[in-house]
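Have a look at the structure below, then the notes.
Letters A, B, ... are given to chains in the order of the sequence lines, protein chains preceding strands, and every chain is numbered from 1. What you see is a predicted model; the values in this text were computed from it and never measured.
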Number of protein chains: 2
Amino acid sequence: MTKRADITIDDVAEAAGVSRQTVSRVINRGPHVKPLVRDRVQKAIDSLGYVPNLSARRMAGSRSYLILAINDRKRTIENWAAGRGNDWVDQMLFGGMTECERQGYHLLFELIDTETEPALRQLANVSGALRPDGVILTPPHSDNEALCAWLTERSIPFARIGHRVGSHSVDVFMDEAGAAHEATRGLIALGHSRIAYIAGAPNYGASAQRISGYEQALREAGATLETSMVATGGFSFQAAADIIDGMLKSSPAPSAFICDNDEMAFAALHVAASHGFSAPQDLSVISFEDTPGVRFSVPPLTAVRQPTAAMIARACERLIAISRGEEGWGAFQIPYELIMRDSTGPAP
Amino acid sequence: MTKRADITIDDVAEAAGVSRQTVSRVINRGPHVKPLVRDRVQKAIDSLGYVPNLSARRMAGSRSYLILAINDRKRTIENWAAGRGNDWVDQMLFGGMTECERQGYHLLFELIDTETEPALRQLANVSGALRPDGVILTPPHSDNEALCAWLTERSIPFARIGHRVGSHSVDVFMDEAGAAHEATRGLIALGHSRIAYIAGAPNYGASAQRISGYEQALREAGATLETSMVATGGFSFQAAADIIDGMLKSSPAPSAFICDNDEMAFAALHVAASHGFSAPQDLSVISFEDTPGVRFSVPPLTAVRQPTAAMIARACERLIAISRGEEGWGAFQIPYELIMRDSTGPAP
DNA sequence: TCCTTAATTGTGATCGCTCCCAATTTGACT
DNA sequence: AGTCAAATTGGGAGCGATCACAATTAAGGA
């Protein structure tokens with residue numbers, strides 16, 4: 001095993017015949033370096049294969065070149081443990097990593113608890129250890145004012161995904177109400193009049209927005225809002241199945257279901273089949289998640305595709321800009337996509 | 001915004017009335033600290049909310065408390081872009097993060113190219129910047145000797161997932177041949193005699209092992225091996241569909257398919273349906289992936305569940321042990337699971 | 001041509017921690 | 001009690017970069 005000393009900035013400086021500081025300027029694209037010198041230094045960097053040590057940069061400077069993405073531990077672990085997977089995490093990684101890499105940053109992913117007290121402690125720990133240049137909060141943490149206050153107090157830039165009220169933060173969200181409105185309107189246009197909405201959890205912020213869009217579309221169509229058509233299925237197959245079963249037994253039964261996630265949409269298809277109904281002939285189903293599996297369900301699900309990757313990418317981009325001292329705060333709406341597949345059709 | 005100086009080890013030392021070094025010993029669970037002093041220091045740490053700065057630790061010491069997991073860029077990005085997702089990534093994160101967190105480490109996830117030359121450059125960059133205490137190589141990189149040599153040369157401990165030859169590395173794998181053998185034997189027991197194997201890619205190491213297990217099971221049953229029953233479907237729905245279509249048109253057609261991934265297994269179900277066959281009555285299908293979607297296909301797929309999370313967790317655990325100076329090298333076989341669902345049944 | 005100002009380069013000091021080694025205390029055993 | 005070794009503490013150097021500022025060089029104008 002060859003012993004090889006690591007190459008430092010001083011090695012490069014010596015090789016290029018300049019001072020350490022000049023090399024640093026070249027690395028950081030700083031001004032005040034003659035083009036001739038810059039080239040010479042760059043050549044030395046390349047030939048020596050020099051890579052700046054992030055830890056040292058963080059120690060000396062104010063940046064860590066790290067973005068920290070935070071997810072809810074309970075929900076994430078449950079999904080993993082249940083074999084349900086976390087497509088959301090996968091999407092986050094896609095968007096976040098791609099953007100970070102583009103900018104010479106690195107994305108770190110961590111889980112913290114839902115309850116404020118342990119969450120705060122865990123955030124303090126990971127943020128204290130890593131000193132990220134920015135933190136991305138996803139639901140439900142993006143709505144946690146205590147966490148946001150903690151970050152604000154310490155001047156750590158943060159982004160809130162799925163939140164659109166923020167003052168001194170980066171808010172990145174999609175138009176949940178608009179998507180639900182469009183989905184509902186589409187079903188109405190297909191002749192559906194009894195459209196049920198199966199929400200995830202009562203405290204799930206996006207649900208409220210979606211339901212308002214759903215109700216608005218119904219109102220615009222002159223339909224009456226029936227509370228019996230809106231229920232909460234806990235994001236789970238079984239709970240949703242029970243509810244949907246009840247709805248299909250009522251009369252008149254709904255002819256269309258909008259579900260907050262794929263699993264509940266699958267439940268709708270499944271329960272409908274047990275009643276002898278099949279989509280899209282006898283009923284229509286739209287999901288609000290669009291995980292990879294929906295392409296292979298029977299029939300493939302029509303779904304609102306959440307722009308998770310794009311939202312995280314945007315969040316990273318803004319946070320990195322802020323860490324560079326540029327302007328970055330603001331609210332950013334990312335377009336969603338309603339993907340028509342075969343689970344929706346004309347009302348029977 | 002309150003200006004708050006960060007709490008350093010010296011603050012703790014002062015508060016506890018000891019030297020910096022003693023605090024360091026307490027943090028690192030070093031020996032040679034009186035229990036009484038240890039308690040006093042620990043109390044100071046807790047009350048001040050002190051968290052050691054990872055960058056500083058890395059600068060001064062030899063550890064970075066970072067484990068780097070590396071994935072193939074091309075395949076990963078393609079999956080993401082195609083909306084196919086990367087359940088594998090999700091699983092890696094699950095296993096890796098859980099274990100790292102348990103040990104006070106952090107997991108970093110990065111993508112590098114397939115070809116050796118750029119891969120080497122990218123590995124040098126990320127490893128130079130982050131100085132991880134260990135690197136996890138996943139297929140196909142786990143079979144790349146150039147990468148392994150590079151890491152060995154620099155004394156960076158690494159783990160190879162799905163590889164079982166390694167000398168100075170941590171090898172973590174599952175019994176691919178055994179799993180294929182068990183799956184095949186199961187089909188034979190159900191009366192199937194014409195069993196096709198749809199492999200992923202020609203250079204996909206696991207395929208070769210699985211096929212050998214598959215062939216062994218056939219041989220043990222006294223069946224003849226037909227080369228026409230083994231084909232490569234490129235992991236893709238369409239390519240696999242074409243191949244399977246051809247097989248089903250031949251006579252006698254296979255009555256069972258073992259596929260290297262879920263997507264190709266879905267293709268089998270789909271194509272079979274177009275021929276008027278449906279599983280499990282007319283044919284059986286087994287997949288070698290088990291992503292979350294298989295639970296909702298019709299019928300739900302019987303599949304070999306890859307212990308991805310467990311493999312990554314084990315790799316992290318071993319690498320962390322090594323970074324602590326303990327013994328860690330070796331080969332570790334992680335048990336797989338053959339999950340019976342409804343896509344397999346008696347031969348027609 | 002000389003002087004002022006701007007553009008370029010270089011020089012410690014410093015970030016927070018662990019390393020190595022010396023100083024001190026404690027304990028065990030003559 | 002006295003000695004020697006072991007256990008416990010502390011002190012200073014240094015990791016590899018950036019920062020603030022000083023020193024140098026080049027450019028522009030009278």
Can you confirm whether the side chains of [X] and [Y] place a donor and an acceptor under 3.5 Å from each other?
X: R57(B); Y: N28(B); value: yes
X: W329(A); Y: D171(A); value: no
X: Y65(A); Y: S323(A); value: no
X: T116(B); Y: N144(B); value: yes

Open item on the list: For R40(B) versus G17(B), what's the shortest heavy-atom pair and its separation?
Closed with: NH1-O, 4.2 Å
Spacing of [X] atom [atom1] relative to [N] atom [atom2], expressed in whole Å:
X: R131(A); N: dC17(C); atom1: CZ; atom2: C1'; value: 12 Å
X: H32(B); N: dG10(D); atom1: NE2; atom2: C1'; value: 14 Å
X: R38(A); N: dT9(C); atom1: CZ; atom2: P; value: 9 Å
X: R58(B); N: dG16(D); atom1: CZ; atom2: C1'; value: 10 Å
X: D10(A); N: dG12(C); atom1: CG; atom2: C1'; value: 13 Å
X: D11(A); N: dC15(D); atom1: CG; atom2: P; value: 11 Å
X: L54(B); N: dC17(C); atom1: CG; atom2: C1'; value: 11 Å
X: N53(A); N: dC17(C); atom1: CG; atom2: P; value: 16 Å

Polar pairs (N or O, both sides) under 3.5 Å between protein and nucleotides 18-22 of chain C?
unit_1: dT18(C); atom_1: OP1; unit_2: N28(B); atom_2: ND2; d: 3.1
unit_1: dT18(C); atom_1: OP1; unit_2: R57(B); atom_2: NE; d: 3.1
unit_1: dT18(C); atom_1: OP2; unit_2: S24(B); atom_2: OG; d: 2.6
unit_1: dT18(C); atom_1: O4; unit_2: R20(B); atom_2: NH1; d: 3.0
unit_1: dC19(C); atom_1: N4; unit_2: Q21(B); atom_2: OE1; d: 2.3

Open item on the list: Tell me whether the count of non-hydrogen atoms from other residues, nucleotides or ligands lying under 6.0 Å of CD in E14(B) goes above 12.
Closed with: no
Task: Heavy-atom side-chain proximity of E117(B) to Q122(B) below 4.5 angstrom - done: no
Task: Heavy-atom side-chain contact between D72(B) and P139(B) under 4.5 Å - done: no
Open item on the list: Looking at R102(B) and E99(B), is any side-chain nitrogen of the basic one under 4.0 Å from a carboxylate oxygen of the acidic one?
Closed with: yes
- [ ] Estimate the overall bend of the helix from dT1(C)-dA30(D) to dT30(C)-dA1(D) from the end axes over five pairs each, rounded to 10 degrees.
- [x] 30°
Open item on the list: Please confirm whether the shortest side-chain N or O distance from T22(B) to OP1 or OP2 of dG10(D) is below 4.0 Å.
Closed with: yes
Open item on the list: Can you tell me if T8(B) touches the phosphate of dG16(C), counting only side-chain N or O atoms and a distance under 4.0 Å to OP1 or OP2?
Closed with: no
Open item on the list: Using heavy-atom distances to pick each residue's nearest nucleotide on DNA chain D, tell me which of K34(A) and M59(A) is more 5'.
Closed with: M59(A)
